[in-house]
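So the structure is just underneath, and the comments pick up after that.
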Amino acid sequence: MKLITQHDDESELTTMQRLVMTCQSSSKVSFEICKNNDHVAHLILQRGTYRLGETVTGVLNFTKCTIPCFQISLFLEHSENVEASFLARAKPGLVKATRRVFAEQHNYVLNTVRTGISLPIPVGSSPEFKTNAVSLSWVLRIEFITGTKRSVPLMRSSAKDTNFVHQSAVERSDVEAFECLIPLRVLPTKTGKKASIRSFEIF
């Protein structure tokens, strides 16, 4: 059994203060997401570094998109990679990866200017780390379903009457799917209670 001293507690508190300062000093990050030189969306995240128990928040902006985007699916996940030399019966150059999804969000975004992102990081999950055998990293995976250059207009108009225009949606449209990975830093957090010394008077 390890004896907890006041010096040890102060050292732990200093470490947590440094983690908090690292997260708070992390600035906003933005990404221009394109597919074959076609602009799809502009992603803005509140910051790129988080702690366990916090929420990944941001905005996807479709104002400057050059092809229509029908749906987005966001997945907050981490990937654990094991080097081939530490695997049993491993083939040369093989890296074993285990992926786990912790939160997901799905939005229909056709005719949407912008949409918000909110994905909580479970406090009981593992932070990022790296050793010579195993590494764990966090990513935000975004899947897009978009139109194509061959897509016909999504709305058809009938101009039989000059005073009235009737529009109807097309029955079919060509779509394509692609995904992108946004790297995130996820640091540990303190979940236990601070140790304290209490004294009692006995009469």
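Here, residue 1 is the first one in the sequence, and each next residue gets the next number. The figures here come from the full heavy-atom set of this structure, side chains too, leaving out hydrogens, waters and symmetry mates.
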Reported OG1-to-CG distance for the pair Thr189 and Leu187, which is rounded to 0.5 angstrom = 9.5 Å

Check Ile67, Thr146, Thr148 against Asp38 for a side-chain contact (heavy atoms from CB on, under 4.5 Å) and give me the one that passes.
-> Ile67

Quick note, ring pair (Phe, Tyr, Trp, His ring centres under 6.0 Å) partners involving residues 104-137, not counting sequence neighbours, are Phe75-His106

Note: Pro183 and Leu181 closest approach over all heavy atoms is CD-O, 3.7 Å

Gap separating the CG atom of Leu74 from the CD atom of Glu143, nearest 0.5 angstrom = 9.0 Å

dist Gln46:CD -> Lys28:NZ (nearest 0.5 Å) comes out at 7.5 Å

Does a side-chain heavy-atom distance below 4.5 Å link Ile117 with Leu43?
-> yes

Is there a side-chain contact between Leu184 and Ile121 (heavy atoms, below 4.5 Å)?
-> no

Looking only at heavy atoms, what is the nearest atom pair of Ser30 and His42, with distance?
-> CB-NE2, 3.4 Å

Straight-line distance of Cys180 SG to Lys35 NZ, nearest 0.5 Å = 12.5 Å

Quick one: CZ on Phe70 to OG1 on Thr112, what's the gap to the nearest 0.5 Å?
-> 12.0 Å

Sort and list the pairs that fulfil salt bridge (Lys or Arg N to Asp or Glu O under 4.0 Å) and have at least one residue in residues 57-76, not counting sequence neighbours.
-> none

Those residues at least two apart in sequence (or on a different chain) that pass side chain to side chain donor-acceptor pair (under 3.5 Å) with Glu128 are Arg185

Kindly write out the residues that satisfy side-chain contact (heavy atoms from CB on, under 4.5 Å) with Asn107, not counting sequence neighbours, or none if the list is empty.
-> Ile72, Gln105, Val109, Thr115

Residue pairs meeting salt bridge (Lys or Arg N to Asp or Glu O under 4.0 Å), one or both in residues 100-117, sequence neighbours left out, come to none

Please report the shortest heavy-atom distance between Pro127 and Pro188, naming the atom on each side.
-> CB-N, 3.6 Å

Residues in side chain to side chain donor-acceptor pair (under 3.5 Å) with Thr131, at least two apart?
-> none

Counterpart residues, ring pair (Phe, Tyr, Trp, His ring centres under 6.0 Å), relative to Phe144 (two or more places apart) = Phe178

Pairing residues for Thr55 by the side-chain contact (heavy atoms from CB on, under 4.5 Å) criterion, not counting sequence neighbours | Thr57, Ser118, Pro120

Taken to the nearest 0.5 Å, the spacing of Ile33 CD1 from Ile182 CD1 works out to 5.0 Å

ILVMFWY clustering at 4.5 Å (side-chain atoms), partners of Val59 | none

Go through the structure and list residues passing salt bridge (Lys or Arg N to Asp or Glu O under 4.0 Å) with Glu179, not counting sequence neighbours.
-> Arg141

Nearest heavy-atom contact between Ser126 and Leu136 is O-CD2, 3.9 Å

With sequence neighbours excluded, residues passing ring pair (Phe, Tyr, Trp, His ring centres under 6.0 Å) with His78 | Phe102, Trp138

